[in-house]
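A quick write-up on the structure given underneath.
Throughout, protein chains are lettered first and strands after them, A, B, ... in sequence-line order, and every chain is numbered starting at 1.
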Amino acid sequence: MIINSIEFKNWQGYFGTHKFVFNGTGERNGGFILGDNTVGKTAFWEGVMFALYDHVPRRKNPNKFKPYVAKDSSHHPLMNIDLFGKKGASFSVTLVFSHEGKKYTLQRGYSPKYDNRPVISESDLKPDSFLSNDTVSGPEKYIVDDKKWINENILPERLAKFFLFDGEKLEEYEELMEKEEDLQLRRDIEDIIRTPILKEGEDQFTRMKNKYKSDLAIEKTEKDKNKKEIIARKKLEKVINDLREAKKTNMEEISSYEEKIGEIEEWLLNNDTVRDAAIQLSAAKEKQEMNKKVIKGLREDIGREVGESWKIIISNQVNSSIGSLEEIREIQNETIQEIGVLKEERKELGLRLKGDPCKTCERERKTPSNQERLEIDERLINLDEDLRKKERNSKFPTAEEYYLQREALTKLSSTKDNLNLLLEKEENLMTSLTTKERIKEEVNTANSQITEEREAEVKEKTTLMAGLNEKKQKALESKGSIQTKLDENQKDFDKYINLEEIDEKDTVIVRRLAKSIQLTEILSNIFSNTLDEYRESMRQEVERRASSTFMSISNNAEHYLGLKITENYKVSILNKKNTLDAGSQAQSLVMAYSIIDALSSCSGFEFPMIIDTPGRGLARKNMDSVFNYFTKSEKQIIFLPNDRELAPQVAIDRYGSTVASIYQLEKIGKDRTKLELLVDNLVKK
Amino acid sequence: MIDAKQDIIEHLMKNIAKYRVDIINTRDINAIVNILSKNQFVTNNNISRKELKNIIDEISSELVRKDTKESSL
């Protein structure tokens, strides 16, 4: 299956209709959908899941599904929350894809059951879905049981994890390196490489052989009309049937134990938050310590800054007062100079009055006339008055007063002209205090998960699992003894059906049954013999491909030879000394990518790889190698990286010519996603 | 890309050749593997059992017809 386009209508944050197209020119069919967290990348990934399987598992509890409708976004409803309670509200995902040379349209959605009732729950909605084969017309166009068809022809839901995956879940694959026990993932690997086909073949043909034997025995004994033989055969047949029934019950019992063990394993994996919480608690405490130091430093800085801050506040007034003081002082100096001038004029007028010569140039002068005397006297009176005024004004401030005032004002003045630095530090402090509260919440949450109660729950589950394993072991032992009894009785029964004695004198039915017995026996043996041989050949192929991918994307490839995969699919990194290497966490994530790529390549399922938050836990260099490697691979790949994993401009520069399209997601309004096409290599209609 | 289903068919055919079982041909093995493959992820196997029985019955009838024809010659 190759996705040509996907259209969302009122799907989660995609309010209204939004379409992503990957139908590129040339061989291009991959793409990037860029956006920060919570803008709609996961909603895209989940849209593909919903279109195919009609539900979206919850991230932290995959056994439960997200609701179609909810008022609050915290419940993660599939229909856009703005439509909650609205009449006529509907949502859908439409996938247009190519598969084995044919084009299909798959619409999965829900529309209102009643026109005039507001949509507030799932019971207000009815399915509005179809799957059509667009290359044919007439009654064959619409595929009736679309879910069954998808599981049989496109991809079984159980294997979707190998194609639609979340970088956050790469850790799950890391367990392949660490754990030997029978994990669900290992069972899924058997499924993806299709070994159950051979196991099922062996079982089916063995069952069919027994049924043919029973039919043949009936045919033979009934025909001979030997009553004694018929009774003995029927008795033996009953014993065999009872044993088969016991075998069936025993196998169901084993499967039921395995299923329950699998559920507990899954529970422990998803809900054993004690271990995760301990890690979170340790990280939160580290952050708390760091935050404490930051707050202490900021408070000390602010303390220092605040000590001077009042000066900045009154600095305008202080500067103005200094200006006034200096102005007064200047006027005072000018007045003193004027007093000097006036005093000189007064002395000069005294000399003129007496008729004495000029003191400066020593020129002889005449004795003034009466009129002149009167004028000089008048001038002297004015001068004296002026001098008195000026001398009175020039006394203040005194030199001491001026010095004291100047000194006092200088002490009040500040060298800084604003409070920006202080405000900045205050702002940082506020942020740190908010962070402190958030970390406190993180610590509380982590602590609440490490309660004794939770630990007890984990212990209870672990004990339950141990009990189930014990029961499974006993059931396996019973299986052996039932099989032995069954084989013995079957041997006795076989005397009624001696195939060598059957010849052309027997009826066609008898001869046909004899042939069927031979045939099913041969097939059962061939399927059984092929199983181990095929499994080993597939293991080698997965190992070869995974190693090749690993060497292409690892940033430490020069130290490694590749990957080593055991028959139980335990994976190790092989170093250049040909010994197993522990590898770092980043390397084990690279290993996870390599295994997923190899398994999906060996499965025969043609399905796009859609990878959400692909760089989770990966080093930058590894992440770039992952993008480079997969964008050049023959598979359809759609990456959903966040801004830190791949910046829009880098995506355009590096991959703009290799992919069909690059979209950028943005959040607008309350909870709505807007998309922008950054790179368009699409086929134009 | 490897098609795991096709790979299984090839392995089965190799073993059929090894054990010299010429009564089962590639077409039959293809049909059998397709039935088992379709039902790998389906819980109810009744349909597959019926389909498999039809294939075996058909081959057996053909073998009986062949034997009768040979003995009459």
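With chain B as partner, the option from A:Ile522, A:Asn153, A:Ile193 having the largest number of non-hydrogen pairs under 4.5 angstrom is A:Ile522. Ranked by heavy-atom pairs shorter than 4.5 Å toward chain B, the options A:Glu504, A:Glu541, A:Arg545, A:Met538 are led by A:Arg545. For the set A:Asn525, A:Val508, A:Leu523, A:Thr520, the count of heavy-atom pairs under 4.5 angstrom toward chain B peaks at A:Leu523.
Of the two parts of A:Leu513, neither the backbone nor the side chain holds a non-hydrogen atom closer than 4.5 Å to a non-hydrogen atom of chain B. Contacts between B:Lys14 and chain A at a heavy-atom distance below 4.5 Å are absent for every atom of the residue. Only the side chain of B:Ile24 comes within less than 4.5 Å of a heavy atom in chain A; its backbone stays farther off. Only the side chain of A:Ser537 comes within less than 4.5 Å of a heavy atom of chain B; its backbone N, CA, C and O stay farther away. With a 4.5 angstrom heavy-atom cutoff, A:Glu634 touches chain B only via side-chain atoms. Both the backbone and the side chain of A:Phe527 come within contact range of chain B, each with at least one heavy atom under 4.5 Å from a heavy atom of that chain.
Here the side chains of B:Asp3 and A:Phe605 are not in contact, with every heavy-atom distance at 4.5 Å or above.
With A:Arg512 as reference, B:Val64 is the one residue of B:Leu63, B:Ile56, B:Val64 to meet the side-chain contact (heavy atoms from CB on, under 4.5 Å) rule.
Salt bridge B:Asp67/A:Lys515: present, at least one basic N to carboxylate O contact under 4.0 Å.
A distance of 13.5 Å separates NZ of A:Lys199 from CG of B:Leu36, quoted to the nearest 0.5 Å. Between the CE atom in B:Met13 and the OG1 atom in A:Thr530 there is a gap of 10.5 Å [rounded to 0.5 Å]. How far CD of A:Gln518 is from OG of B:Ser60: 9.0 Å, rounded to the nearest 0.5 Å.
No donor-acceptor contact under 3.5 angstrom links the side chains of B:Asn15 and A:Tyr534, judged on distance only.
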Listing, residues 27-34 of chain B side-chain donor-acceptor contacts under 3.5 Å, not counting sequence neighbours, or none:
unit_1	atom_1	unit_2	atom_2	d
B:Asn30	ND2	B:Thr26	O	3.4
B:Asn34	OD1	B:Lys5	NZ	3.1
B:Asn34	ND2	B:Asn30	O	3.3

